[in-house]
Amino acid sequence: MQIKDISRYVDQEVTIRAWMYNKRSSGSIHFLQIRDGGGRLQATVVKGEVPDEVFELADGLTMESSIIATGVVREDKRSPMGFELAISDLEVVQMAEEYPLQKKEHGVDFLFTNRHLYLRSESQWVILRVRATIIKACIDFLDQRGFVRIDSPILTPTSCEGTSTLFETDYFGESAYLSQSGQLYNEAAIMSLGKVYCFGPTFRAEKSKTRRHITEFWMLEPEMAYYDLEANMELQEDLILHIIDQVLKVHGEELCGVLKRDLNKLSGVVKPFPRLTYDEAMKKLSGLGSERGYDEGLGAEEETLLSQQYDNPLFITHFPMQQKAFYMKRDSDNPSLTLSADLLAPEGYGEIVGASVREDDLKLLEEMRKLHNIPAESLAWYYDLRRFGSVPHSGFGMGLARVVAWLCGLHHVREAVPWPRTLTRIYP
RNA sequence: UCCUCGGUAGCUCAAUGGUAGAGCAACCGGCUGUUAACCGGUUGGUUGCAGGUUCAAGUCCUGCCCGGGGAGCCA
């Protein structure tokens, strides 16, 4: 019997294998708040209605002790869940030692040093399940559209983008690096399979210390042959809408009840998402009082300012080529711009997707490589893709943690990841 | 790397340069419907580390360590 199915067992005797997460007592009645991984329930132990030894056992239960409780399910409005278990028998599997986490507030440092215990708190229980639903929504969505999942290597010989800092490891006496993107490998795979995606961990050794950054995060990277920028953005819109739809369907109640998320902000998202070119965005920003220079790019403050103008996610397109990676195809109408698009989440959650059309012409790609000072050796195999049946293609990368943070309304992406790795934390 | 704020009981925080304290947790006791239960009591401290100023330092100064928030870069 699982707590989530409790309503089907009213007036029946059931046995629940659970943990204590709180206990309140009124002298002759103990109120045990229990959880079994799938839900939460209040159980009562009433003096006189159970053997004295069972009552004494309940009296001595500590926070987070593991128990097996047997009793009759009752519908009762006085219970926080509407149902409660009238315990008749109780077995203690393990009496927990003094539990470090309390019902009251804690600091960030303490919580993440105790991440292995913090995972048990109700907010984290909701977040982790929303995260799993988002992952499933992504995979279902792409699979239904004919994508093939192709895993990219995590150990790589060199940087895919050449700019960000990489984690270096020893590979039998040579240097290898933890992947920061599977994109280049995806580009090879689409020449066989048409539409592919990889989904796995990526690593950035950037010394970033903000609410939007962690050093290890999961990224969904679809890559599509013959997709131009517009088709690419439409795919993103449908993906985001599918994710929101699934999350609201499965977790709407918990998001609202436990995380206090304003669901109207999510259910109000509709396509098409507004699109601004980089030039238009900079003009709009100066109209909003920003003094950001054209070449300075969009800072976090500017991204927030822009996204606050809309209820929907917002595409910024056609970034100057100096600001973007070497493989991005330039706009034939204005070669100083790239065929690129960043998707900014509403409410200041920042960039959740980065997309571009990839340069499919070998000569133009080589020009860009030189401009970006990337060594030619590392790209030999990649250049082959432009020699043997090159086609226009595009793709994007979506940061899972940021999407989870946005949908759950979290203050920091570390809350959206089971075991966050940050600049200052790799334990536990 | 830079800017900024902080480090005092297990946790969250107080304490004009002058006797280190509260709430929660834990422990003991009370309560037959609790909702972060409540009420009474008890226990709990090398004030991050090392120096310095002073009659006197948690408090002022210097250096270091650790953490939070932010910048740049990015998803």
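Protein chains get the first letters and strands the later ones, always in sequence-line order, with residue 1 at the start of each.
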Checklist line | Which residues share a side-chain hydrogen bond (donor to acceptor under 3.5 Å, both in side chains) with A:E367, sequence neighbours left out | finding: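 A:R330.
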Note to self: Please convert RNA chain B into dot-bracket. A pair counts if it is Watson-Crick or G-U wobble with both distances under 3.5 Å; crossing pairs go in [ ] and bases paired with another strand get |.
What the structure shows: (((((((..((((....[..)))).(((((.......))))).....(((((..]....))))))))))))....
Next item on the list: Quick one: list whatever passes side chain to side chain contact (heavy atoms under 4.5 Å, CB included) with A:D228, sequence neighbours left out.
Entry: A:E230, A:A231
Item checked: Results of side chain to side chain contact (heavy atoms under 4.5 Å, CB included) for A:P346 - residues two or more places apart only -> A:P313, A:W406
Margin query: Show every ring pair (Phe, Tyr, Trp, His ring centres under 6.0 Å) that has at least one partner inside residues 101-122 of chain A, sequence neighbours left out.
Written below: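 Non-adjacent pairs meeting ring pair (Phe, Tyr, Trp, His ring centres under 6.0 Å): A:H106-A:F110, A:F112-A:Y118.
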Check: Is the distance from OP1 or OP2 of B:C74 to the nearest side-chain N or O of A:R211 less than 4.0 Å?
Finding: no
Margin query: With a 4.0 Å limit, can you tell me whether A:R292 has a side-chain N or O closer than that to the phosphate oxygens OP1/OP2 of B:G72?
Written below: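 Yes.
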Next item on the list: To the nearest Å, give me how far apart CD (A:Q33) and C1' (B:G33) are.
Entry: 12 Å
Item checked: Interface residues of residues 78-87 of chain A with RNA chain B (non-hydrogen, below 4.0 angstrom) -> A:R78, A:S79, A:P80, A:E84
Margin query: At a heavy-atom distance below 4.0 Å, what parts of residues 418-428 of chain A sit against RNA chain B?
Written below: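 Of all residues in residues 418-428 of chain A, the ones placing a heavy atom under 4.0 Å from RNA chain B are A:T424, A:R425.
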Solution key, residues 25-33 of chain A side-chain donor-acceptor pairs under 3.5 Å, sequence neighbours excluded:
from: A:S25; atom 1: OG; to: A:G27; atom 2: N; distance (Å): 3.4
from: A:S25; atom 1: OG; to: A:H30; atom 2: ND1; distance (Å): 3.0
from: A:H30; atom 1: NE2; to: A:D59; atom 2: OD1; distance (Å): 3.4
from: A:Q33; atom 1: NE2; to: A:Q42; atom 2: OE1; distance (Å): 2.9

All N/O donor-acceptor pairs, side-chain side in residues 87-94 of chain A, below 3.5 Å, sequence neighbours left out:
from: A:S88; atom 1: OG; to: A:T70; atom 2: O; distance (Å): 3.2

Can you tabulate the close N/O pairs, meaning under 3.5 Å, that link protein atoms to atoms of nucleotides 39-47 of chain B?
none

Provide a list of protein-nucleic acid N or O atom pairs under 3.5 angstrom, restricted to nucleotides 4-12 of chain B.
from: B:G10; atom 1: N2; to: A:Q102; atom 2: NE2; distance (Å): 2.1
from: B:C11; atom 1: O2'; to: A:H106; atom 2: ND1; distance (Å): 2.6
from: B:U12; atom 1: OP1; to: A:G107; atom 2: N; distance (Å): 2.9

Contact list (N/O, under 3.5 angstrom) for nucleotides 27-29 of chain B vs protein:
none

